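Quick caveat: nothing in here was measured; it's all calculated off a predicted structure. Proteins get letters first, then strands, A, B, ... in listed order; numbering begins at 1 in each.
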Amino acid sequence: MNPLELTLGIMTAVGGFVDISELVFAAKAGSTFGYALIWVFAFSTVGIIVFSEMSGRVAAVAKQPVFNLMRHRLGLKLGLVTLAASIISNLITCAAEVGGVALVLNYLTGAPYMLMAVAMTAAMIVSIWVLPFKWIERAYGLLGLFMVVFAVALVAIHPPWGQLAGGLVPQIPHGLSTKEMLTFGYFVVAIISAVMFPYEVYFYSSGGIEEGWSPKDLLTNRMTAILGMGLGSLLAISILASSAQLFGPINVDPSIPGSAALEAAIPFGKWGLIIALLGMFFAIAGAAVETCMANAYSIAQFFGWLWGRHKKPWEAPRFTITWIVLFLLALAIVLTGIDVMTLVEFAILFSILVLPLTYLPLLLLSGDRQYMREHVNGPVAKVLGWFYFAVICAAAIAAVPLYLLTSGGNG
Amino acid sequence: MKPDGKINLVAELLDLPLLDTEGKYCGIVDDLELSGGPGKDLRLDALLVGPGAYRGRLPKWAMWIAKAIAGDRITRVPIDKVRTIDSVVHLRCPAGDLGLDKSERGAVSWIPKKGAL
């Protein structure tokens, strides 16, 4: 294990953890329910760590990414249903990220939102075309580390650490009306969905194959999943906690991404704001690239095409055409003028519906000794895997009713 | 696993990806061609690859959509061209020898071949 590679891998995972959905829901959760939803972030982070580690292990040992497994395990019919649902979910998520990046650039430069969406889509397409996989992953992930300003800002505003730590204990706040209880339930489901987005696992496992992982990389996989995602989650929790302290008491609803940046501006002034916006810009742009590539990976793997950005774009032509078309489709959705926050809500909703179908084949294969040999799921991975699978199934069942009953968490 | 041994067709072969001798993905086992009959041994003659092979596996309306999007091409891979089967099907020859690279070759003409590191 190369320590430099490992450190870079972990830092990349930290910088790439937060996307627009987590940003929005963390800030809204803090302002609406104080520290009471911190445990959901911590709980979901353990879930994404479990499934990411599993998908990386399968990539390293069986040399199979998630969608190859899905097709083989679910069969053509159910596999196609899952593929279609995941394409829609990832496409909406990608559109939300493209809109989010354009919005942040609009805040930073004052240039028109639509123009920024077009310019950034072009820039992201060029970046994937020019850079090989490792550089794409590293560039966006490491630049996303500007997001650390949110953790520093939280320390600077001297939060009530006792209350904040109390938020890690699973709880439902006392004295909520039925309506508020439903909204709380919707936030729980939305945060689980935002943290455990299926694209993260598609991208992570395909990335393992892009980088040629083998069983000797299993420790790197485990450390990257646990430390990278664990520390990344602290950034999301920092956004929630700052929002609880700064926005909640004065009834500010941080329902646009720009509001979260104010959390760094309050303690650090103009430079805090700029660094926060830069962090948001790179983190959201990274998520846009990941969602687009995850979608192209899924399609290429499902149909057995050549795929990967460790190859030159013309060496995997159908894969290349696919990710370019997907980026243009995401841009087209943004250019219809649909509100970014609406896209975020749809992305959350579709993702939670796809999650069970994403994780079931992964659980089955990582527990199959024929493929995984001595690297098959141990008792901890098995228990945690099935437990989280039950949780996401319950969340998927509850998602649509809660969305409709609470108008997308808006009461 | 060798292709001439006993094999559970659905659990161990159907929907597995194919990898040629150059390590390139070149399709999925979309269906199987079997021979034999009542009282005779059932034998696996070939793997069928391509959207046309979905016909027996999808409802008519879904097949109509698949055909509209991807066509109904089928490529036949004789079983003697299969070297081993594990989490993928390893072929004994390059994809081009079996006509499994036609779609990729068609798509490559749309892509400029410069500018990538």
Asks: Pick from B/Val108, B/Val49, B/Asp30: which one has the most heavy-atom pairs with chain A under 4.5 Å?
Replies: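 Top option by heavy-atom pairs under 4.5 Å: B/Val108.
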
Asks: Taking side chain as everything from C-beta outward and backbone as N, CA, C, O, which of these in A/Arg309 sits under 4.5 Å from a heavy atom of chain B? Side chain, backbone, both or neither.
Replies: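 The answer is the side chain of A/Arg309.
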
Asks: Under 4.5 Å from any heavy atom of chain A, what part of B/Leu18 do you find: side chain, backbone, both or neither?
Replies: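 Answer is neither: B/Leu18 stays 4.5 Å or more from chain A.
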
Asks: Should B/Trp110 and A/Thr320 count as side-chain neighbours, where that means a heavy-atom distance under 4.5 Å?
Replies: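 With C-beta onward as the side chain, the pair stays apart.
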
Asks: Against chain A, work out which of B/Ser87, B/Ala95, B/Gly115 has the most heavy-atom pairs shorter than 4.5 Å and name it.
Replies: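 Highest number of pairs under 4.5 Å: B/Ser87.
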
Asks: Could you pull out the closest heavy-atom pair between A/Pro132 and B/Leu117, with the gap in Å?
Replies: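 Scanning both residues completely, I find the closest heavy atoms to be CD-CB, 3.9 Å.
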
Asks: Examine whether an atom of B/Pro112 lies under 4.5 Å from a heavy atom of chain A, and if so say whether it belongs to the side chain, the backbone or both; otherwise answer neither.
Replies: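 For B/Pro112, the contact with chain A is made by backbone and side chain together.
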
Asks: Of the non-hydrogen atoms in B/Ala107 and A/Arg318, which two are nearest, and what is the gap between them?
Replies: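 Reported closest heavy-atom pair: CB-CG, 3.7 Å.
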
Asks: Chain B heavy atoms under 4.5 Å from A/Gln301: which part of the residue, side chain, backbone, both or neither?
Replies: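 Only the backbone of A/Gln301 comes within 4.5 Å of chain B.
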
Asks: Any donor-acceptor pair under 3.5 Å linking the side chain of A/Trp129 with the backbone of B/Lys114?
Replies: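 Yes, the answer is positive, given that a donor and an acceptor are paired below the 3.5 Å cut-off.
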
Asks: So which heavy atom on B/Asp15 is nearest to which on A/Leu76, and how close?
Replies: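 That closest heavy-atom pairing would be OD2-N, 3.7 Å.
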
Asks: Mark yes when over 12 heavy atoms from residues, nucleotides or ligands other than A/Trp386 sit less than 6.0 Å from its CH2; otherwise mark no.
Replies: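 It does: A/Trp386 CH2 has more than 12 such atoms within range.
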
Asks: In Å, rounded to the nearest 0.5 Å, how long is the span from CH2 of A/Trp305 to OG of B/Ser103?
Replies: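 It is 8.5 Å, given to the nearest 0.5 Å.
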
Asks: Measure B/Asp101 against the heavy atoms of chain A and call it side chain, backbone, both or neither at under 4.5 Å.
Replies: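 When you check distances to chain A, no heavy atom of B/Asp101 falls under 4.5 Å.
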
Asks: Identify which part of A/Phe302 has an atom lying under 4.5 Å from any heavy atom of chain B, answering side chain, backbone, both or neither.
Replies: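 The backbone, not the side chain.
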
Asks: For the backbone of A/Leu306 and the side chain of B/Glu104, can you confirm whether one donor and one acceptor N or O come within less than 3.5 Å of each other?
Replies: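 Here the side-chain-to-backbone pair exists.
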
Asks: Can you tell me which portion of A/Leu80 sits under 4.5 Å from chain B's heavy atoms? Options are side chain, backbone, both or neither.
Replies: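 Just the side chain, heavy atoms under 4.5 Å.
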
Asks: With a 4.0 Å cut-off on N to O distance, would you call A/Lys63 and B/Asp86 a salt bridge?
Replies: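 Result for this pair is no, no salt bridge flagged.
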
Asks: Are B/Tyr25 and A/Trp307 close enough that some pair of their side-chain heavy atoms sits under 4.5 Å apart?
Replies: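 Touching, per the 4.5 Å side-chain cut-off.
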
Asks: About how many Å separate CD of A/Glu315 and NZ of B/Lys113, when rounded to the nearest 0.5 Å?
Replies: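 One finds 10.5 Å between NZ of B/Lys113 and CD of A/Glu315.
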
Asks: Could you tell me if the side chain of B/Pro59 sits less than 4.5 Å from the side chain of A/Lys77, heavy atoms only?
Replies: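 Heavy-atom side-chain distance check passes, below 4.5 Å.
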
Asks: Please classify the contact of B/Ser109 with chain A as side chain, backbone, both or neither, using a heavy-atom distance under 4.5 Å.
Replies: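 Interface part for B/Ser109: neither.
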
